[in-house]
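Inspection log for the structure reproduced underneath, given as structure tokens.
Model, not experiment: these values are computed from the prediction. Reminder, nothing fancy here: chain letters follow the sequence lines and each chain counts from 1.
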Number of protein chains: 2
Amino acid sequence: MKQEDAIDAFSALAHETRLAVFRLLVREGPEGVPALEIARRLAVKPSTLSGHLGILKRAELVTATRRQKEILYAPNFASVDLLVRFLLQDCCGGDATACGSDASTAAGLMVVKES
Amino acid sequence: MKQEDAIDAFSALAHETRLAVFRLLVREGPEGVPALEIARRLAVKPSTLSGHLGILKRAELVTATRRQKEILYAPNFASVDLLVRFLLQDCCGGDATACGSDASTAAGLMVVKES
DNA sequence: TAGTCAATTCGGAAGTTTCCGAAATGAGGG
DNA sequence: CCCTCATTTCGGAAACTTCCGAATTGACTA
């Protein structure tokens, strides 16, 4: 992952509506939710939502698949995983025990990094 | 964690210089690095960096501690952990096996969520 | 092919973020 | 107390982001 891609992903999530969309999709799971249903549930105008979905899609945080007339949006968990790994890469110069000592929860993320 | 806090954190990371600062601090570990050394290593003007460090600090992604004349900045791993948990909260309506099926790496993040 | 429903594109006004030089603040040491 | 060095604050111009109505595209059905 390049820095630029990480910035696209963080920018995409750094917005009230887009973060709400992503979390809604995470809750709903891999099946996906149609654009217009997302718009209705979050009380956002369809044209506005379309722009936001485009940004999330370009950042590869969501996938879009057509089902008849509708387009279903679903979260891309693999991208979140890559993003977190990128953020914590080479933590403490590679000696992960050095950061685990003061933040027990961070150790959990280190395990992810190693897996 | 409130949505607003998550947006502050994602916005903070959604910038070339700030992301580079955070990753530098992750690599350096919990000891911390003085502001002016960060500025030098990333070739950023001190006044510009100061604004960026303030944004990272307000988002609670870094901590600042004084050591004599210098202020040492260090990453806050616990906040990253909270942020990822917030993002993936109630994944697949609570049935984590539903998302693990198609993205093996995502399962790693789910483990974090459960720990 | 015409009709319908779902989703996207476009324009442009309003708001927000970014940058850096110069000046100000703050902490120590002599 | 004064000096020095580290860092922050301020201003204001340039660049980017956000919003939504109207028009458009695209896909399925009859």
Report yes if at least one side-chain N or O of A:Tyr73 is closer than 4.0 Å to OP1 or OP2 of C:dT8; otherwise report no. yes

Which listed nucleotide ([options]) is nearest to the side chain of [X]?
{"X": "B:Ser50", "options": "D:dT9, C:dT8, D:dC19", "result": "D:dT9"}
{"X": "A:His15", "options": "D:dT7, D:dT18, C:dA6", "result": "D:dT18"}
{"X": "B:Lys69", "options": "D:dT9, D:dC5, C:dT8", "result": "D:dC5"}
{"X": "B:Glu70", "options": "D:dT7, C:dC19, D:dT8", "result": "D:dT7"}

Taking B:Ser79 for its side chain and B:Glu60 for its backbone only, find out whether a donor-acceptor pair lies under 3.5 Å.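 Checked: pair present.
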
Is it the case that atom CD in B:Glu31 sees more than 12 heavy atoms from other parts of the structure closer than 6.0 Å?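 Check fails, neighbour count at 12 or below.
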
Is it true that, when you exclude B:Glu16 itself, more than 12 heavy atoms of the residues, nucleotides or ligands shown sit nearer than 6.0 Å to its CD?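 At most 12 heavy atoms, drawn from other residues, nucleotides or ligands, come within 6.0 Å of this atom.
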
Using heavy-atom distances to pick each residue's nearest nucleotide on DNA chain D, tell me which of B:Ser47 and A:Ser11 is more 5'.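 Per heavy-atom nearest nucleotide, the more 5' residue is B:Ser47.
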
To the nearest Å, how far apart are [X] [atom1] and [N] [atom2]?
{"X": "A:Leu72", "N": "D:dA27", "atom1": "CG", "atom2": "P", "result": "15 Å"}
{"X": "A:Gln68", "N": "D:dT29", "atom1": "CD", "atom2": "P", "result": "6 Å"}
{"X": "A:Arg66", "N": "C:dC5", "atom1": "CZ", "atom2": "C1'", "result": "11 Å"}
{"X": "A:Ile55", "N": "D:dC16", "atom1": "CD1", "atom2": "C1'", "result": "12 Å"}
{"X": "B:Arg40", "N": "D:dT7", "atom1": "CZ", "atom2": "C1'", "result": "16 Å"}
{"X": "B:Arg67", "N": "C:dG26", "atom1": "CZ", "atom2": "P", "result": "22 Å"}
{"X": "B:Ile71", "N": "D:dC5", "atom1": "CD1", "atom2": "P", "result": "17 Å"}
{"X": "B:Lys45", "N": "C:dA22", "atom1": "NZ", "atom2": "P", "result": "12 Å"}

What is the distance from atom CG of B:Asp90 to atom CZ of B:Arg85, rounded to the nearest 0.5 Å? 13.0 Å

Is the charged tip of A:Arg23 near the ring of B:Phe86: under 6.0 Å from the six-membered ring centre and within 45° of its axis? yes

